[in-house]
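Data first, discussion second: the structure below is written as structure tokens.
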Number of protein chains: 2
Amino acid sequence: MTRAAKPRENKDKKARDLPTGIALLWGEQDQPARGPKPSLTPQRIAQAAVTLADAEGLETVSMNKVATEFGVSAMALYRYVPGKTELVELMVEAVLAGPPDLSAAGSGWRARLSAWAHLQWEVYQAHPWLLAATAMRRQIMGPHQLAWMDAALAALEPTGLTAGQRHQVFLLVAGQVRSLAQQRADFDEDHNREWGRLTSELLNRHSDRFPALTKAIADGAFTSAELDPLDFGLDRILDGVQVLIDRA
Amino acid sequence: MTRAAKPRENKDKKARDLPTGIALLWGEQDQPARGPKPSLTPQRIAQAAVTLADAEGLETVSMNKVATEFGVSAMALYRYVPGKTELVELMVEAVLAGPPDLSAAGSGWRARLSAWAHLQWEVYQAHPWLLAATAMRRQIMGPHQLAWMDAALAALEPTGLTAGQRHQVFLLVAGQVRSLAQQRADFDEDHNREWGRLTSELLNRHSDRFPALTKAIADGAFTSAELDPLDFGLDRILDGVQVLIDRA
DNA sequence: CCGCAACTGTATATAGCGTAAACGCACTTG
DNA sequence: CAAGTGCGTTTACGCTATATACAGTTGCGG
């Protein structure tokens, strides 16, 4: 994300762009009458950007690359999308289509919330760039994103927790999935092996500075795959929530 | 983060840069003998970049801005730092200086781990860009980062959990702090108010699509400040860990 | 003490980015 | 059929990281 060319009146521009960005996300755009037919749609553009990001990462998605995908110039996209930030927002919405149906996961809050987390996890796995895309500055939430949020909150309704508590639990679970996806996204086989080799060598040389870490590595804390990270974290969190419920 | 100019031999270059980057982080650089005295150090450069990022955000930190801070040209920095990614790594290390001392927090694993989380939280609060800086592609960990990790793992040693479990718990807590800092970093007073206004209007129009969300907002789930997010999440997680310990 | 080698900083150049502005042209509606 | 609107292009600007070539400074070995 590079800076805008003319930063003057940036605030005004941002403020006025917000509604149009929202309208775009909610599909509340009225199509024009008196001109040539548009050859593209914001959705088609977003879809192309998504496949591009899936293949080569978010950082290689540029207006130019997306435009050439359609055989048009980069500036042509600006007829459909206000700017790149809005395009990324559309990408997120595109990927979150198909809001989750948790009714098949069982009736308990725990089963449903767990299912929600696993579904979210799968989305992150399928589109690793989603993390970086949602990690940027405060973006507006589209309907699909809200639908996911709604599903999680709905799962928490039978718990008897207060609204504030339910919201916090939602944030907790969502954050856990995110942070785990983060790790996974960082994980690159070759690079990681090389890093591990060099770091372990350094650790040997400085083992007195990091006793607990050295011991943990010696005990195989990093190499053992006995624990599924997602389920482990989720079980701890949901156990903790259960404690809270029982206490009330 | 823009692309490199000449992507050829990128792999070779990356592989060969990794050790030099590590050497930089660990301060294992031997100073030269036969030239003009260096006017800068990697650490001073990183420090300037940190204050810049603290003031105006990570995305405005450019080689040029940092260089002019010292009154030198941008290219001069490349005498001390291989590239921008390495500079960011140095920034992270600079900010994580002063590894935590948890012995004052009490003797129990829970008190110590909780103290660790709060300290980490404060670092994120003081340097909001730290999130984005560590969220990028797999970076190598410097000694300070490892020291933080070591402290958390040390706090978990008296729990009786397996090494793998302790590692997972560490990841869980660290992730929780991260994801919470994420939210906080996204939070911008003005922008958020505007967003809330527009979104709530949209929610009113589509309340049937998001029943649980609408209800949650009506119940004040988002406006009430009764719960401290960090403590709430931490209490749930640590309760869950306690359950695991008791079960063993 | 001198010259070479090593080292620093600069100037220049390249490839890429997002996007503002102006323009020709195709098309649809009056 | 003419009007005029909206599409797509071309051009240009300011910004990014960084490769390369060079000029200036310093200290060691002969």
Side-chain angles (χ1 to χ4, degrees), chain A residues 1-10 12-14 16-17 20-21 29-42 44-45 49 52 56-88 136-137, chain B residues 1-10 12-14 16-17 20-21 29-42 44-45 49 52 56-88 136-137:
Chain A
M1 187 92 6
T2 330
R3 272 320 80 208
K6 303 276 168 83
R8 73 165 158 186
E9 302 200 88
N10 208 345
D12 278 21
K13 187 180 158 292
K14 248 326 194 247
R16 213 169 293 135
D17 269 14
T20 85
Q29 36 189 332
D30 34 22
Q31 72 251 8
R34 260 185 293 279
K37 285 276 170 61
S39 72
L40 301 174
T41 66
R44 291 220 312 143
I45 294 175
L52 219 99
E56 309 185 53
L58 185 63
E59 66 272 11
T60 79
V61 173
S62 73
M63 297 307 249
N64 225 323
K65 293 249 185 66
V66 178
T68 51
E69 208 79 6
F70 291 107
V72 299
S73 79
M75 291 312 292
L77 302 185
Y78 286 87
R79 293 277 169 203
Y80 304 92
V81 169
K84 186 168 183 188
T85 50
E86 289 83 357
L87 173 56
V88 173
M136 295 172 171
R137 281 250 144 256
Chain B
M1 189 90 11
T2 330
R3 272 321 79 210
K6 304 273 170 84
R8 71 165 160 185
E9 301 201 273
N10 208 345
D12 277 23
K13 188 179 158 293
K14 234 358 186 226
R16 212 169 296 136
D17 269 15
T20 86
Q29 34 187 334
D30 34 21
Q31 73 247 9
R34 259 185 296 276
K37 286 278 166 62
S39 71
L40 301 174
T41 66
R44 292 220 312 143
I45 294 174
L52 219 100
E56 309 185 52
L58 184 62
E59 67 273 11
T60 80
V61 173
S62 72
M63 297 307 248
N64 226 322
K65 294 247 185 66
V66 177
T68 52
E69 208 79 7
F70 291 106
V72 299
S73 79
M75 290 313 294
L77 302 185
Y78 286 88
R79 293 280 167 199
Y80 303 91
V81 168
K84 188 171 182 185
T85 51
E86 288 84 357
L87 173 56
V88 173
M136 294 172 170
R137 280 251 145 255

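By convention in this document, chain letters (A, B, ...) are assigned in the order of the sequence lines, proteins followed by strands, and residues within each chain are numbered from 1.
Atom CG of L87(A) and atom P of dC17(C) are 14 Å apart (whole Å). Atom OH of Y78(A) is separated from atom P of dA22(C) by 17 Å (rounded to the nearest Å). Per the geometry, NZ belonging to K84(A) stands 16 Å off P belonging to dT16(D), to the nearest Å. Rounded to a whole Å, the CD atom of Q31(B) is 15 Å from the C1' atom of dT8(C). Computed from coordinates, the L77(B) CG to dT16(D) C1' distance equals 14 Å when rounded to whole Å. Rounded to whole angstrom, the span from the CE atom of M63(B) across to the P atom of dG16(C) amounts to 20 Å.
Toward the 5' end of DNA chain D, the nearer of the two residues K37(B) and N64(B), judged by each one's closest nucleotide, is N64(B).
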Between protein and nucleotides 1-7 of chain C, what N or O pairs are separated by less than 3.5 Å?
{"unit_1": "dA6(C)", "atom_1": "N3", "unit_2": "R34(B)", "atom_2": "O", "d": "3.2"}

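A close approach under 4.0 Å does occur between a side-chain nitrogen or oxygen of Y80(A) and OP1 or OP2 of dG8(D). The shortest distance between the side-chain N/O atoms of S73(A) and the OP1/OP2 oxygens of dT10(D) is not below 4.0 Å.
Here M75(B) lies in heavy-atom contact (under 4.0 Å) with a base.
V66(B) approaches A49(B) most closely through the heavy-atom pair CG2-CB, 4.1 Å. Pairing each heavy atom of Y80(B) with each of S39(B), the nearest pair is OH-N, 3.1 Å. Annotation for V81(A) and I45(A): closest pair CG2-CD1, 4.5 Å, computed over non-hydrogen atoms.
For the helix from dC1(C)-dG30(D) to dG30(C)-dC1(D), the angle separating the two terminal helix axes comes to 10°, with each axis derived from five pairs and the value rounded to 10°.
Using a 4.5 Å heavy-atom cutoff, the side chains of R79(B) and L40(B) are not in contact.
In this structure, of dT12(C), dT9(D), dA17(D), it is dA17(D) that holds the atom nearest to the side chain of S62(B).
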Which side-chain N or O atoms in residues 67-78 of chain B pair as donor and acceptor under 3.5 Å with protein atoms at least two apart or in another chain?
{"unit_1": "T68(B)", "atom_1": "OG1", "unit_2": "N64(B)", "atom_2": "O", "d": "3.1"}
{"unit_1": "T68(B)", "atom_1": "OG1", "unit_2": "K65(B)", "atom_2": "O", "d": "2.8"}

